[in-house]
Amino acid sequence: MEISVQGRPSIQAARQDFPILDQEIGGHPVTFLDSASSAQKPRQVMQAVRSFEETSYANIHRGLYWLSEEATRLYEEARETVAGFLGVEDVPTLLFTRGTTESLNLLAYTWGERNLGEGDEIALPVMEHHSNLVPWQQLAFRKGARLRWIEINPDGTLDQDSLAAALDRRPKLFTFTWVSNVFGTINPVRELADRAHAAGATVILDGAQGVPHLPTRVEDLGVDFLAFSGHKMLAPTGIGVLWGRRELLETMPPFHYGGSMISTVRRDRSSWDVLPNRFEAGTPNISGAIGLAAACRYLDALGMEAVRDHDQDLLAYAFEQLASLEGLEVFGPEDLAGRSCVVSFRFRNIHPHDLATLLAREGVCVRAGHHCCQPLMREIGMMGTTRASFYVYNNREDVDRLVQALDKAGRLFSGVKCKP
Amino acid sequence: MSHPEAISDDLYREIILDHYTCPRHKGHLETATHRLEGVNPSCGDMVELDLEVRDGRVVEVGFVGEGCSISMASASMLAESVRGQTLDQVRLLADTFKARLLTKGGIPEPPEGVDIGELEALDGVRAYPVRIKCALLAWNTLLEAIENER
């Protein structure tokens, strides 16, 4: 990592830590604008995983030899590092999972199965990703519970009337995303959590798009559970986190049964280990956890405030530059302070998949489609959008290349006139 | 390490953009004897194909749909190319077109008596594996719609 004159790693120099960006594909530099889907990895993360696997790898918890003890120590140290990154003081309440999807399914199958019943309500915004929607929809089917939808305003913010109406019905659960992966909307977590608690609800936060971009202190968020993935925050795939309040986690039945999560097993009965093991059945993703800890250290060194400022700078620049394109409409809040650097747009009548293909030819990697938000797409009357998203390694030149590629695509598609 | 080369515009050929912008036979048929909806779940593209089949011949075609330029242009080109053909000719053309896009390596020679015509313009899709299903959506829907007409 480059050290700036202030002695801190500099976000301007961060790009050099990402070898994948230092190449050409099809004669074009890689303009990677799909971090909201999955982020690239810095050398420091890859190095941490590699060094662990080259010197200290073994299964954790059971081995009585040095490698296993060392792997166990590094795995539990990774948990402490990630806990520290989030301001979690009760470290065993931080559970490693495969990612946001598994964290939310874990909650649906444990907390949900135990606490929801016939006629109970689950309040959730229509902007939710399928991963924070389908588990609850299916739980509701199983339990005879009901989903209570919170609608959205045209600018991608929550509709206050339907929010108030949903909370008035005293839902058992209020689950919502911190940051919309389509609109970039930053939901006011603390305010929503407090209101939901006042209405008697348990509060789950999908932090998949929030934790990688916004400074996170779990106590300040005021939620009961927080789920997120490592791979959107510079860590490898297959590792994620579920944090929960101890008093809730301890009353939840296990999710997966098997090794590591038990206390004793008899032929006719078993008992469960304490947190966190109780929810980490089987051999976990040890290397992934170590990679996630390295990613947290990397982001901590950059400073999450600096990450946020960098996002805001790119977002402002992107808005300014995209405005120069005739017929380009950006979805989501206009107030940049209320959004993260996810920019979904429509460009004239060019289908998102055509647009993404045309941009790809210029080396510009964007996402196109429904972004795992089909109910939301139906709500805004679109089959899909094209989405550019930014992270620590992006710079203004990436925005310029996006705008140039869009301009070129626009010219290709506007060349045809129909014969009368 | 090998990466795909930057491809000059062999995908969005003018004829494709023309069919996309100015689709032929767009709309439902009041006289339809066959109607089938086809969907690509992974991308959300949808086409609803109407056929009027009389005495083993497709006498009229119509379609409505939503999707990318490749899927919609392909549907429009399908409508033009199968109109007036016998069901056997239609099947042979559809199979020939599918083989054209799906065969790895060189493009297979069309069988005797099959004129691929304008559909050749979709050859560029072969270089974009994820888009092949776009070009095939209407054709698969067509084959399914006439499956029981033997």
Side-chain angles (χ1 to χ4, degrees), chain A residues 19-32 130 346-378 380-386 401 405 408-420, chain B residues 1-27 37-48 64-77 80 121-122 124-137:
Chain A
I20 202 166
L21 302 177
D22 185 26
Q23 64 172 333
E24 292 200 339
I25 295 181
H28 297 280
V30 179
T31 303
F32 190 77
H130 294 164
R346 149 164 70 193
F347 188 36
R348 300 182 194 157
N349 286 324
I350 309 178
H351 190 279
H353 289 147
D354 289 320
L355 205 47
T357 297
L358 289 164
L359 296 185
R361 290 173 175 191
E362 308 294 316
V364 179
C365 313
V366 297
R367 207 79 180 165
H370 54 60
H371 313 297
C372 296
C373 288
Q374 289 181 2
L376 176 62
M377 289 297 133
R378 218 156 279 133
I380 63 175
M382 300 282 295
M383 294 296 286
T385 70
T386 308
R401 283 195 286 265
K408 197 168 167 185
R411 277 184 276 124
L412 179 70
F413 265 73
S414 60
V416 181
K417 299 279 173 284
C418 297
K419 295 176 202 85
Chain B
M1 203 174 350
S2 80
H3 289 303
E5 288 303 306
I7 293 160
S8 63
D9 226 337
D10 61 346
L11 178 62
Y12 293 107
R13 298 214 357 218
E14 199 177 336
I15 190 164
I16 293 176
L17 294 175
D18 186 69
H19 272 276
Y20 176 56
T21 315
C22 327
R24 330 298 199 247
H25 305 285
K26 186 106 189 242
E37 183 187 80
V39 177
N40 271 339
S42 62
C43 62
D45 283 4
M46 183 278 287
V47 65
E48 203 169 13
V64 296
E66 262 186 272
C68 66
S69 63
I70 304 300
S71 65
M72 293 300 108
S74 184
S76 171
M77 291 161 93
E80 277 207 321
L122 286 160
V125 178
R126 288 165 50 93
Y128 296 80
V130 297
R131 305 300 297 279
I132 290 175
K133 67 182 186 328
C134 309
L136 295 185
L137 174 62

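Naming convention: chains lettered A, B, ... in sequence-line order (proteins, then strands); numbering from 1 in each chain.
- Remark: His353(A) NE2 to Ser42(B) OG distance equals 7.5 Å, nearest 0.5 Å.
- Each of Leu11(B), Ile70(B), Val130(B) was checked for a side-chain contact (heavy atoms from CB on, under 4.5 Å) with Thr357(A), and the lone residue meeting it is Leu11(B).
- When each of Glu66(B), Arg131(B), Glu14(B) is checked for heavy-atom pairs under 4.5 Å with chain A, Arg131(B) comes out on top.
- Cys68(B) SG to Leu355(A) CG: the interatomic distance, rounded to the nearest 0.5 Å, is 12.0 Å.
- Within the model, atoms NE2 of His351(A) and SG of Cys134(B) stand 8.0 Å from one another, a figure rounded to the nearest 0.5 Å.
- Residue-environment remark: NZ (Lys408(A)) stays at or below the threshold of 12 foreign heavy atoms within 6.0 Å.
- By the neighbour-count criterion of 12 heavy atoms within 6.0 Å, atom CZ of Arg367(A) is sparsely surrounded, having that number or fewer from other residues, nucleotides or ligands.
- The distance from atom CG of Leu358(A) to atom OG of Ser69(B), rounded to the nearest 0.5 Å, is 7.5 Å.
- Closest approach of Asp354(A) and Tyr12(B) over heavy atoms only: OD1-OH, 2.8 Å.
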